[in-house]
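Working notes, beginning with the structure itself.
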Amino acid sequence: MENPKLTRIPSMRERVEDTLSAHRNQLVSLLSRYVAQGKGILQPHHLIDEFEKITGDDKALNDAPFSEVLKSTQEAIVLPPFVAIAVRPRPGVWEYVRVNVSELSVEQLTVSEYLRFKEELVDGQSNDQYVLELDFEPFNASFPRPSRSSYIGNGVQFLNRHLSSIMFRNKDCLEPLLNFLRAHKYKGHVMMLNDRIKSISRLESALGKAEDYLSKLPPDAPYSEFEYVLQGMGFERGWGDTAKRVLEMIHLLLDILQAPDPSILETFLGRIPMVFNVVVLSPHGYFGQANVLGKPDTGGQIVYILDQVRALESEMLLRIKKQGLDINPRILIVTRLIPDSKGTTCNQRLERVTGTEHTHILRVPFRTEKGILRKWISRFDVWPYLEKFAEDVASEMAAELQGAPDLIIGNYSDGNLVASLLAYKLGITQCNIAHALEKTKYPDSDIYWKQYEDKYHFSCQFTADLLAMNNADFIITSTYQEVAGTKTTVGQYESHKAFTLPGLYRVVQGIDVFDPKFNIVSPGADSSIYFPYFEKHRRLTSLHGSIEKMLYDPEQNDEHIGTLSDRSKPILFSLARLDRVKNITGLVECFGKNAKLRELVNLVVVAGFIDVNKSSDREEISEIEKMHSLMKKYNLDGQFRWISCQMNRARNGELYRYVADTRGAFVQPAIYEAFGLTVIEAMSCGLPTFATCHGGPAEIIEHGVSGFHIDPYHPDQAAALMADFFQRCKEDPSYWINISEGELKRIQERYTWNIYSERLMTLAGVYGFWKYVSKLERLETRRYLEMFYILKFRNLVKTVPLAIDDDQN
Ligand code: UDP
Ligand code: LCN
């Protein structure tokens with residue numbers, strides 16, 4: 001066989017240089033166009049648009065290496081005569097190149113040099129060699145991590161492979177497993193192994209004896225019948241509730257001792273009783289079970305957590321029973337107590353979660369030296385309260401649980417920070433859920449952070465995010481794109497890999513998306529509320545009267561304004577909080593402009609307040625004003641109905657189905673949507689859905705099969721796509737059914753709470769074990785984080801003003 005010729009892959013710099021020498025003229029013309037735009041940041045579409053202008057049909061240039069480089073460029077920094085580009089050949093992998101357009105020289109930059117160059121956009125040239133750089137790379141150097149992008153988001157699978165291969169290579173590595181099983185206790189009661197088993201060889205022989213003994217018993221013999229015999233051999237409760245299940249566990253462990261295999265290890269670790277008490281943190285309000293949804297900051301995260309804890313409690317009960325234990329699990333959702341609770345239960349300390357037996361909301365107030373903060377405040381303003389909150393939570397939670405939890409789950413930036421403080425202090429396994437990382441939602445909010453500081457305090461938020469993502473033992477995301485984007489777009493976590501906050505610090509390695517802590521575990525929609533429109537026997541027809549009133553009652557009031565003069569038209573429906581990024585005003589505008597769409601459908605939106613005086617949120621107030629002005633500008637009366645936020649979930653579920661009855665559609669027009677629960681809700685009802693192509697919905701929906709993607713930056717195209725859909729459905733009603741069926745299939749395959757809770761409990765087991773065996777390595781990172789918290793974060797927090805209660809004004 002001929003020897004394959006070994007060729008070196010050219011560096012990014014060489015690829016740019018090669019193209020520069022082969023296509024000098026065109027490239028100079030292109031780069032000059034970029035430079036002509038002056039100092040600033042160019043986005044990928046700017047770069048490609050200009051490239052297409054100069055290449056036209058020039059096949060040679062289109063095929064040149066530079067074309068590839070440009071297609072994977074995520075941003076260019078123009079500071080004449082330089083153009084620096086950040087190239088992302090594949091998810092998670094970045095390179096940086098700078099071209100001097102006057103001298104036609106090309107240089108490869110390190111991440112740090114690139115960021116320093118980018119800072120010049122804001123601060124001008126600086127010779128300061130001592131800018132603080134945050135770099136987690138050295139701590140992770142000895143840590144296992146995959147290199148293929150396809151492994152991203154499947155950390156547990158990688159970790160199991162790694163753990164089983166080291167156990168296989170070196171029998172001494174089984175020792176930590178033994179110690180782990182021996183250390184297992186619940187409130188002082190030993191589980192799994194007692195003192196009789198002190199070594200691996202002893203364990204092996206005891207397992208052999210137990211196997212022998214159990215195989216002679218009836219498979220369904222209860223544990224109590226053989227408890228004492230097993231105890232004599234060195235086993236304690238936790239292996240199973242029947243002889244059959246204990247035998248299964250024994251076989252799994254014997255297999256691991258013989259020849260560790262990743263999937264066996266995962267099954268075994270997932271079945272060890274480890275999690276009885278869970279604390280779920282979601283500090284900012286309003287967190288309640290009624291009358292809260294749609295209020296500012298109160299949306300999907302609340303829905304997600306309430307559904308999650310119900311699913312989690314059932315899964316925990318099932319597992320505990322199968323483990324042969326008689327223990328009641330506890331789940332506490334910890335949030336802030338808001339004394340001025342505005343008709344909600346947010347002023348109650350403890351509230352049982354409906355549909356559960358062992359799950360409560362525990363509310364702890366935000367407190368300062370001046371006392372308790374009484375009013376609601378925006379999630380952007382909570383930073384000064386969190387450290388004290390964490391301390392108060394530590395004692396309240398200990399009292400409530402009579403001990404420490406086994407797992408802490410943080411939610412959003414504030415919850416993840418508090419989770420980090422508690423998990424670090426108590427040595428507990430920490431899981432993070434971002435829901436949304438604001439850096440992605442607000443473009444360029446890192447480099448221009450100072451402009452946002454007054455209203456958003458992103459300096460605190462991004463710092464908190466970095467601290468929490470690095471402290472977490474594992475991170476759950478709803479989609480792959482949340483971690484590492486797509487081939488062409490950057491993931492939310494990925495955007496924290498390298499960025500700069502000029503004047504504060506520079507992040508050269510903030511998080512690595514290849515870290516095996518990332519796992520995709522997607523949520524679902526509560527199937528008792530969001531079920532298909534055609535399941536007639538389950539439909540809540542008794543609510544149709546109030547739904548029709550909401551939609552068609554001619555009265556104009558705080559609850560609804562606008563009218564629908566032709567009730568026979570399908571409804572184009574949207575439901576969201578009225579914040580800027582949700583872009584409801586963008587939807588209203590694009591509807592207003594498209595005569596065809598206006599002729600084919602009625603637009604109905606449920607969002608925010610109609611009366612501006614009811615809102616205390618900055619963004620919401622400006623969106624409310626914009627909605628009113630758009631209604632006038634486009635003369636929407638007769639074709640448009642605006643309904644204020646709706647907090648009754650059961651009725652909202654029926655509303656989606658009511659819209660489906662009109663052969664309508666749902667539209668989610670956000671400028672960016674981290675995941676998008678309303679998309680899942682609409683799809684679960686079988687309502688055809690159009691959703692933003694920026695963020696989670698791009699992954700949830702397969703365009704043209706289980707819904708449609710729309711681009712909020714091209715509203716005219718979005719409106720045309722929707723008009724075409726309704727026109728086509730008018731001509732061929734089966735098209736509507738096809739899309740609806742496609743959506744229901746997609747939901748069943750991927751987005752259900754059953755899949756979620758099973759996965760989460762297994763992850764808690766595997767990462768709990770991993771935390772135990774890797775204690776020492778992680779300590780280095782944690783000490784570095786502690787220093788960053790104390791030296792940086794605490795000072796930043798001091799810049800955020802404390803809120804003043806209304807009666808103190
Ligand atoms: N929601 C609601 N009433 C409203 C607005 C929103 O019940 O007036 C619910 C909606 O049904 C969904 C959640 O709030 O369950 C919004 O979640 P999503 O993930 O779509 O967006 P978020 O608000 O979390 O950004
Ligand atoms: C926050 C968001 O912004 C949404 O995109 C998510 O669906 C929601 O949280 C639940 O995770």
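Whatever order the structure lists ligands and atoms in, that order sets their numbers, starting from 1.
By the 3.5 Å distance cut-off applied to N or O atoms, Q668 is not counted among the residues near ligand 1. Considering backbone and side-chain N/O of G300, none are found under 3.5 Å from N/O of ligand 2. Taking only nitrogen or oxygen atoms, main chain and side chain alike, M647 does not reach within less than 3.5 Å of ligand 1. At least one N/O-N/O distance between E673 and ligand 2 falls below 3.5 Å.
Here V679 has no heavy atoms under 4.0 Å from ligand 1, in either its backbone or its side chain. No part of H435 comes within 4.0 Å of ligand 1, judged by heavy-atom distances. Of all the heavy atoms of F675, the ones lying under 4.0 Å from any atom of ligand 2 are found in both the backbone and the side chain. Under 4.0 Å from ligand 1, not a single heavy atom of R649 appears. Residue-level proximity to ligand 1 for L677 is carried by backbone and side chain together, each with a heavy atom below 4.0 angstrom. At a 4.0 Å heavy-atom cut-off, ligand 1 touches L575 through the side chain alone.
Under 4.0 Å is where a charged nitrogen must lie from a carboxylate oxygen, and between E654 and R657 at least one such pair does. Under a 4.0 Å N-O distance rule, the pair E741/K745 does not qualify as a salt bridge.
Residues Y756 and Q308 bring a donor and an acceptor atom of their side chains to less than 3.5 Å of each other. In this structure, a donor-acceptor pair under 3.5 Å is present between the side chains of Q492 and Y672. The closest side-chain donor-acceptor pair between Q668 and S574, if any, does not fall under 3.5 angstrom.
For the pair K517 and F474, the NZ or CZ position fails the cation-pi test of under 6.0 Å to the six-membered ring centre and within 45 degrees of the ring normal.
With ligand atoms numbered from 1 in the order given, ligand 2 contributes 5 (O) to contacts under 4.0 Å with heavy atoms of A674. When each atom of ligand 1 is checked for a heavy atom of G299 under 4.0 Å away, the hits are 13 (C), 14 (O), 16 (C), 23 (O), 24 (O).
Of the possible polar contacts, one joining the H709 side chain to the A698 backbone as a donor-acceptor pair under 3.5 Å is found. A side-chain donor-acceptor contact under 3.5 Å links E494 to the backbone of G491. Of the possible polar contacts, one joining the Q556 side chain to the G562 backbone as a donor-acceptor pair under 3.5 Å is found.
Closest protein heavy atom to atom 9 (O) of ligand 2: H435 CB, 3.3 Å.
Counting only non-hydrogen atoms, the option in A434, P697, A436, G676 that gets closest to atom 7 (O) of ligand 2 is G676.
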